[in-house]
Student: 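Following this message is one structure expressed as C-alpha cells.
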Amino acid sequence: MVLLKIKFPFQKRVRLAQGLWLLSWVAMFSGAITFAIGVFLKTELHRRSEVMHSMDIHIVPNLLMAVGLASVGINICAGKVCQDSLDTSRFPRWKTFLPPFFCFSVFITSLLLVAMILSFALQPSLEESLKIGLKNGIRFYKDTDTPGRCFQKETIDRLQIEFQCCGNTNYRDWFEVQWISSRYLDFTSKEVKDRVRSNVDGRYLLDGVPFSCCNPASPRPCIQYSLLDNSAHYNYEYQTEELNLYNRGCRQALVSYYMGLMNTIGPCVLFDFLLQMTILVSLRYLQTAMEGVIGQENVEIETEGYILEKGVKETLLETKEKVKKLLQFAQVGDASATTPGTQPDEEKPATA
C-alpha cells in the first residue's frame with residue numbers, strides 16, 4: 001500500500017519545484033545560522049573550561065556545528081535537484097543518487113533533535129562538572145606562582161565579577177580553603193601563627209572572601225574580612241543583616257547562564273529541524289512525481305507522488321532483508337579474499 005499518495009498535475013509539479021528551490025535556500029541560511037550558534041556555544045563553554053571538570057556538554061555545540069555544515073550541503077543539492085526537475089532530460093541522472101541522499105539527510109536532520117534533547121539532558125552533568133571545577137579553582141586560587149595555575153586567581157576573580165557570584169555554592173566556601181598565598185603572610189605575626197596552629201592541616205583559614213565577592217550596589221563599604229565577627233565592625237550583625245557580598249554561588253550563576261543559552265538556542269534548532277524535514281518530505285514527493293514522467297512523450301501528464309512505495313512495515317522488512325543480503329555478501333567476499341587461491345591436488349594413485 002502506497003503511503004500518503006498525492007496526485008500532481010504538471011502545474012502543481014512546477015510550483016512544487018519552484019517553491020522547494022526557494023525553501024532550500026532559506027534552509028541553507030538556516031543551516032549556516034545553526035553552525036554559527038554551535039560556534040558561539042562552543043566558544044562560551046571553552047571560555048569557562050578552567051572551571052569545568054569534564055567536557056561532556058561540548059557534544060551539543062559539536063553536533064550543532066557538524067549538522068549545520070551538513071545542512072548547507074544538503075540544501076545546495078536539494079536546490080540543484082529542484083532545478084533539474086523542471087527539465088525531464090536532466091532529472092534521470094538523480095535517480096540513483098536520491099535514495100542514499102534521503103537516508104543521509106534524514107539521519108543528519110535527526111541529529112538536530114538529538115542535540116536539542118542532549119542540551120537539557122546533560123544539565124546534571126554540567127552542574128556536577130562546574131561543582132568539581134569551581135571547587136578546584138577556589139582551592140588553587142592562591143597558587144599564583146605554580147605553573148599551570150598562575151592564572152587561576154584572575155579567572156576566578158573575573159568570573160565572580162562578571163556573573164556577580166561568590167564561591168561555589170555561596171560565600172562560605174572561601175572559609176574552607178586557604179586562598180591567600182603563604183608568600184603574602186607574615187609568619188612572625190601572632191595572629192597568623194595562631195590561625196595556622198589552630199588548623200589540623202596547617203592552613204591559614206579565615207572568615208573572609210576575595211575582593212571580587214563584593215557587591216558594588218551595597219551602600220556600605222565592602223566588608224570582606226571577619227565576616228562572622230559582629231564585634232569587628234560597627235553596627236554589624238551577620239545573622240540578620242544582608243551582607244554586602246554576592247549571595248549567589250557561581251555554580252548556580254553559570255548553570256543559569258548556560259541553560260538560558262540552551263533555552264534560547266532550542267527554538268532555533270527546532271525551527272531548523274522542522275524546516276529541513278519539510279524540505280525532505282516535499283523533495284520526496286517531487287522525486288516520485290517526476291519518476292512517473294520519465295520515458296513519457298507527454299511530460300505534462302498527471303503523476304502520483306508518495307512518501308513510501310509500500311507501507312511502513314513492508315518497507316522496514318524489505319530494508320532489513322536488503323541489509324542482511326549486503327552483510328552476507330560482504331562476509332562471503334571477505335572469506336574468499338582471505339582464502340589463498342590454490343588448485344585442488346590431483347588424486348594420487350592408490351598404492352598396494
Side-chain angles (χ1 to χ4, degrees), residues 45-54 127-255 257:
L45 288 170
H46 185 70
R47 286 179 61 199
R48 313 297 170 196
S49 59
E50 292 184 8
V51 293
M52 289 186 183
H53 180 66
S54 66
E127 191 167 355
E128 184 65 22
S129 174
L130 287 169
K131 179 181 178 181
I132 299 173
L134 285 168
K135 182 179 179 181
N136 292 333
I138 292 172
R139 185 158 58 95
F140 300 139
Y141 180 86
K142 68 181 187 302
D143 298 338
T144 52
D145 297 330
T146 305
R149 301 177 188 168
C150 53
F151 294 105
Q152 197 70 50
K153 177 183 179 299
E154 181 183 357
T155 299
I156 296 296
D157 282 335
R158 289 185 180 277
L159 176 68
Q160 293 189 147
I161 292 171
E162 181 180 349
F163 286 90
Q164 299 184 353
C165 58
C166 183
N168 191 340
T169 305
N170 53 48
Y171 68 93
R172 289 178 177 267
D173 294 323
W174 290 103
F175 300 173
E176 302 171 3
V177 298
Q178 178 182 334
W179 55 271
I180 300 177
S181 176
S182 297
R183 66 181 294 190
Y184 302 115
L185 294 176
D186 181 10
F187 285 95
T188 62
S189 169
K190 184 178 182 301
E191 181 190 355
V192 173
K193 287 181 180 179
D194 291 344
R195 284 190 180 276
V196 172
R197 287 171 183 170
S198 64
N199 185 263
V200 176
D201 299 325
R203 294 179 298 170
Y204 180 75
L205 303 182
L206 71 163
D207 53 343
V209 295
F211 77 97
S212 52
C213 283
C214 294
N215 185 357
S218 173
R220 181 169 186 161
C222 183
I223 297 176
Q224 61 181 113
Y225 296 107
S226 302
L227 292 171
L228 303 182
D229 187 1
N230 290 333
S231 62
H233 311 284
Y234 175 73
N235 192 21
Y236 176 77
E237 191 173 350
Y238 78 91
Q239 294 97 333
T240 58
E241 183 177 346
E242 184 179 350
L243 301 178
N244 54 359
L245 305 174
Y246 295 124
N247 294 319
R248 186 171 61 163
C250 290
R251 173 159 43 106
Q252 179 190 350
L254 284 171
V255 169
Y257 172 70

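Because the structure is a prediction, the values reported are computed rather than measured. What you see below is based on every heavy atom in this structure, not just the backbone, and it leaves out hydrogens, waters and symmetry mates.
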Student: Ignoring hydrogens and geometry, is there a side-chain-to-backbone donor-acceptor pair from Thr169 to Gly249 under 3.5 Å?
Tutor: no

Student: Should Lys142 and Ile180 count as side-chain neighbours, where that means a heavy-atom distance under 4.5 Å?
Tutor: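 SC-SC contact between Lys142 and Ile180 ruled out.
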
Student: Testing the basics here: between Thr155 and Glu50, what is the closest heavy-atom pair and its distance to 0.1 Å?
Tutor: OG1-OE1, 2.7 Å

Student: Grab the two heavy atoms, one from Asp157 and one from Ser212, that are nearest each other, plus how far apart they are.
Tutor: OD1-OG, 2.7 Å

Student: To the nearest 0.5 Å, what is the distance between CZ (Arg251) and CG (Leu130)?
Tutor: 8.5 Å

Student: Nearest 0.5 Å, please: how far is OG in Ser181 from CG in Asp143?
Tutor: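 With rounding to 0.5 Å, CG (Asp143) is 7.5 Å from OG (Ser181).
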
Student: Working note: Tyr236 + Ile223, criterion side chain to side chain contact (heavy atoms under 4.5 Å, CB included); need CA distance, chi angles, decisive distance, verdict.
Tutor: CA-CA 10 Å; Tyr236 176 77; Ile223 297 176; 3.9 Å; yes

Student: Measuring from atom OG of Ser129 to atom NE2 of His53, what distance do you get when rounded to the nearest 0.5 angstrom?
Tutor: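 The NE2 atom of His53 is 7.0 Å from OG of Ser129, to the nearest 0.5 Å.
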
Student: Answer yes or no: is there a side-chain heavy-atom contact under 4.5 Å between Arg203 and Val196?
Tutor: no

Student: Can you tell me how far apart SG (Cys166) and CG (Asn215) are? Round to the nearest 0.5 Å.
Tutor: 10.5 Å

Student: Are Cys222 and Cys214 within a span of less than 2.5 Å, counting SG to SG?
Tutor: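 Yes, the SG atoms sit under 2.5 Å apart.
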
Student: Check for a donor-acceptor pair, side chain of Asn244 on one end and backbone N or O of Arg220 on the other, with a separation under 3.5 Å.
Tutor: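 Yes, Asn244 side chain to Arg220 backbone: donor-acceptor pair under 3.5 Å.
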
Student: Where is the tightest heavy-atom contact between Leu206 and Arg195, given as atom of each residue plus distance?
Tutor: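 Reported closest heavy-atom pair: CA-NH1, 3.6 Å.
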
Student: Provide the closest heavy-atom pair for Cys213 versus Gly167 in the form atom of the first, atom of the second, distance.
Tutor: SG-N, 4.4 Å

Student: Crowded around Phe151 CZ? As in, over 12 foreign heavy atoms under 6.0 Å?
Tutor: no

Student: Can you give me the closest heavy-atom contact between Pro216 and Tyr246, atom names plus distance?
Tutor: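 In this case the closest contact between Pro216 and Tyr246 is CD-OH, 3.1 Å.
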
Student: Please tell me if the side chains of Leu185 and Gln178 come closer than 4.5 Å, counting only heavy atoms from C-beta onward.
Tutor: yes

Student: Of the non-hydrogen atoms in Leu227 and Gly208, which two are nearest, and what is the gap between them?
Tutor: CD1-CA, 4.2 Å

Student: How many angstroms lie between SG in Cys165 and CG in Leu134, if you round to the nearest 0.5 Å?
Tutor: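 Here the interatomic distance stands at 7.5 Å.
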
Student: Please assess Leu245 against Gln160 for the test side chain to side chain contact (heavy atoms under 4.5 Å, CB included), listing each intermediate value before the final yes or no.
Tutor: CA-CA 11 Å; Leu245 305 174; Gln160 293 189 147; over 6 Å; no

Student: Within the distance-only criterion (no hydrogens, no angle test), does the side chain of His233 pair as donor or acceptor with the backbone N or O of Ser226 below 3.5 angstrom?
Tutor: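 Confirmed, His233 side chain pairs with Ser226 backbone.
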
Student: Given the rule in the salt bridge (charged side-chain N to carboxylate O under 4.0 Å, His left out) test, do Lys131 and Glu127 qualify, once you have shown the distances and angles that lead to the verdict?
Tutor: CA-CA 6 Å; Lys131 179 181 178 181; Glu127 191 167 355; over 6 Å; no

Student: So Trp179 and Ile156, do their side chains get closer than 4.5 Å, heavy atoms only?
Tutor: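 A side-chain contact under 4.5 Å is absent here.
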
Student: Is the shortest heavy-atom distance from the side chain of Ile161 to the side chain of Phe211 under 4.5 Å?
Tutor: yes

Student: So do the side chains of Leu254 and Leu159 get within less than 4.5 Å of each other, counting heavy atoms only?
Tutor: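 Yes - at least one pair of side-chain heavy atoms lies under 4.5 Å apart.
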
Student: Does the Gln152 side chain pair with the main chain of Tyr141, one donor and one acceptor, at a distance under 3.5 Å?
Tutor: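 No, Gln152 side chain to Tyr141 backbone: no donor-acceptor pair under 3.5 Å.
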
Student: Mind checking the OH-OH spacing from Tyr204 to Tyr184? Nearest 0.5 Å is all I need.
Tutor: 15.0 Å

Student: Parallel, tilted or perpendicular for Tyr257 and Phe163, by the 30°/60° rule?
Tutor: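 The arrangement is perpendicular - the two ring planes meet at more than 60°.
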
